[in-house]
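Please read these numbers as outputs of a predicted model, since none were measured by experiment.
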Amino acid sequence: MKLILEHILKKFDTKIVLKDASFTFEKGKIYGLLGRNGAGKTTLFNCINEDLPKDGGIVQIMEDSGLLRSITSDDIGYVLSVPVVPEFLTGREFIKFFIEINEKKIKNLKSPDEYFELMKIAPEDRDKLMKDYSHGMKNKMQMLIYIIGSPSILLLDEPLTSFDVVVADEMKKLLKAVKNDHILIFSTHILELALDLCDEIVLLSGGCLDKIEKGSLDEDAFKEKIIDTLRGEDE
């Protein structure tokens, strides 16, 4: 499966944020969507997810058979940088509710406690109201429902910034473990995180998307190449 973006245009009044964003993302890889603050990473995700109307361009899915089709809400899981969860529910109630309404679509269904174990959510936290969860815990719960639902495309908008070092490492290992079943796009402005987690680096710069080829460069030279490209926005 492939996610194909062709000539995506998005502007706010006279400001053009996405100018000609084109790229093809393939299943089985973690793509690092790297850009400076304000480059338009969240805007791009919102256009893919149809939370924002595009001003031009096409978003399509190519099935393994070669069939091209429009994207649907069932195709996408969108992990927001600021997690949104129903705080009046406990973690267990939230997971049980999600499973009940999506049961027919969930592959390899597990019990709530098995899912909590997967995310390393402690037993004493599972029956707490989510209003009492930390930001990082809410982010874990938001990520968990998409791990359960297993949509083809996972859009991750700065999802690790609220985690401490240990939990962030756990989440990176989890994402690497599930990547073969997804098109996984991870947005960040932190270069070291992108290099550590991602299989390919895609820069959003000047409203366009470009893959940065590492080639024979060592890690330091590759970093310099990325930084030089991003620095070019100031020129």
Side-chain angles (χ1 to χ4, degrees), residues 1-11 16-36 39-81 146-147 149-159 172 175-191 193-217 222-223 225-226 228-230 232-233:
M1 175 181 281
K2 297 178 181 179
L3 171 64
I4 301 172
L5 311 184
E6 294 183 339
H7 311 296
I8 304 301
L9 171 68
K10 181 61 187 176
K11 55 187 177 181
I16 298 175
V17 178
L18 302 173
K19 183 169 60 177
D20 186 19
S22 298
F23 202 84
T24 297
F25 299 93
E26 299 182 12
K27 185 170 71 174
K29 295 180 180 179
I30 302 177
Y31 291 88
L33 179 63
L34 193 64
R36 300 179 68 171
K41 300 184 294 296
T42 299
T43 297
L44 178 65
F45 279 179
N46 286 333
C47 287
I48 294 172
N49 198 44
E50 298 186 336
D51 290 334
L52 280 176
K54 302 182 296 296
D55 294 308
I58 299 172
V59 177
Q60 289 182 305
I61 284 178
M62 178 182 284
E63 299 283 7
D64 293 335
S65 64
L67 175 69
L68 283 172
R69 63 172 177 84
S70 299
I71 201 164
T72 71
S73 58
D74 287 340
D75 292 315
I76 298 180
Y78 187 2
V79 179
L80 304 169
S81 56
Y146 294 121
I147 296 297
S150 194
S152 301
I153 301 164
L154 283 173
L155 306 177
L156 305 164
D157 192 2
E158 304 272 4
K172 285 189 283 186
L175 293 174
K176 289 177 180 178
V178 303
K179 72 176 184 178
N180 288 339
D181 298 320
H182 303 280
I183 297 168
L184 207 157
I185 310 172
F186 183 100
S187 82
T188 184
H189 61 277
I190 303 173
L191 176 57
L193 179 58
L195 292 175
D196 180 49
L197 177 63
C198 302
D199 299 300
E200 293 191 10
I201 303 295
V202 181
L203 291 193
L204 178 55
S205 177
C208 299
L209 293 169
D210 293 292
K211 177 182 173 182
I212 300 297
E213 298 285 356
K214 185 171 183 179
S216 59
L217 298 176
F222 188 45
K223 286 181 181 179
K225 182 177 181 180
I226 293 170
D228 287 344
T229 302
L230 291 174
E233 293 186 40

- Residues that Thr72 engages under side chain to side chain donor-acceptor pair (under 3.5 Å), provided they are two or more places apart: Asp75
- Message: I'd like to check the side chain to side chain donor-acceptor pair (under 3.5 Å) partners of Gln60; sequence neighbours left out, ordered by chain and number.
- Response: none
- Residues at least two apart in sequence or cross-chain that pass side chain to side chain donor-acceptor pair (under 3.5 Å) with Lys172, listed by chain then number, are Asp196
- Item | Partner set under side chain to side chain donor-acceptor pair (under 3.5 Å) for Asp157, not counting sequence neighbours | Thr42, Ser187
- Message: Using the side chain to side chain contact (heavy atoms under 4.5 Å, CB included) criterion, which residues pair with Lys223? Sequence neighbours excluded.
- Response: Leu191, Glu192, Leu195, Glu219
- What's the spacing between Lys54 NZ and Leu44 CG if we round to 0.5 Å? 10.5 Å
- By salt bridge (charged side-chain N to carboxylate O under 4.0 Å, His left out) - contacts of Asp210 (at least two apart): none
- Task: Report the residues that fulfil salt bridge (charged side-chain N to carboxylate O under 4.0 Å, His left out) with Lys179, sequence neighbours left out, ordered by chain and then residue number.
- Result: Asp199
- Side chain proximity check, Tyr78 to Asn46, heavy atoms < 4.5 angstrom: yes
- Message: Restricting to salt bridge (charged side-chain N to carboxylate O under 4.0 Å, His left out), what partner residues turn up for Asp74, sequence neighbours left out?
- Response: Lys105
- Tell me, please, which residues at least two apart from Lys2 pass side chain to side chain contact (heavy atoms under 4.5 Å, CB included). Ile4, Thr24, Glu26, Met62
- For Glu50, what residues pass the side chain to side chain contact (heavy atoms under 4.5 Å, CB included) criterion, not counting sequence neighbours? Ile71
- Assess whether atom NZ of Lys19 is packed by more than 12 heavy atoms of other residues, nucleotides or ligands within 6.0 Å. no
- For Phe23, enumerate each residue passing the ring-ring contact (aromatic ring centres under 6.0 Å, His included) test, keeping only those at least two apart in sequence or located in another chain. Phe25
- Message: I'd like to check the side chain to side chain contact (heavy atoms under 4.5 Å, CB included) partners of Asn180; sequence neighbours left out, ordered by chain and number.
- Response: none
- Query: Taking Lys27 for the side chain and Leu3 for the main chain, is one N or O donor matched with an acceptor at less than 3.5 Å?
  - Reply: no
- Note on the structure: Heavy-atom closest pair (Leu197 atom, Ile30 atom, distance to 0.1 Å) is O-CD1, 3.8 Å
- Item | Backbone N/O of Ile58 and side chain of His7: donor-acceptor pair under 3.5 Å | no
- Step-by-step side chain to side chain contact (heavy atoms under 4.5 Å, CB included) determination, Val202 to Ile185: CA-CA 9 Å; Val202 181; Ile185 310 172; over 6 Å; no
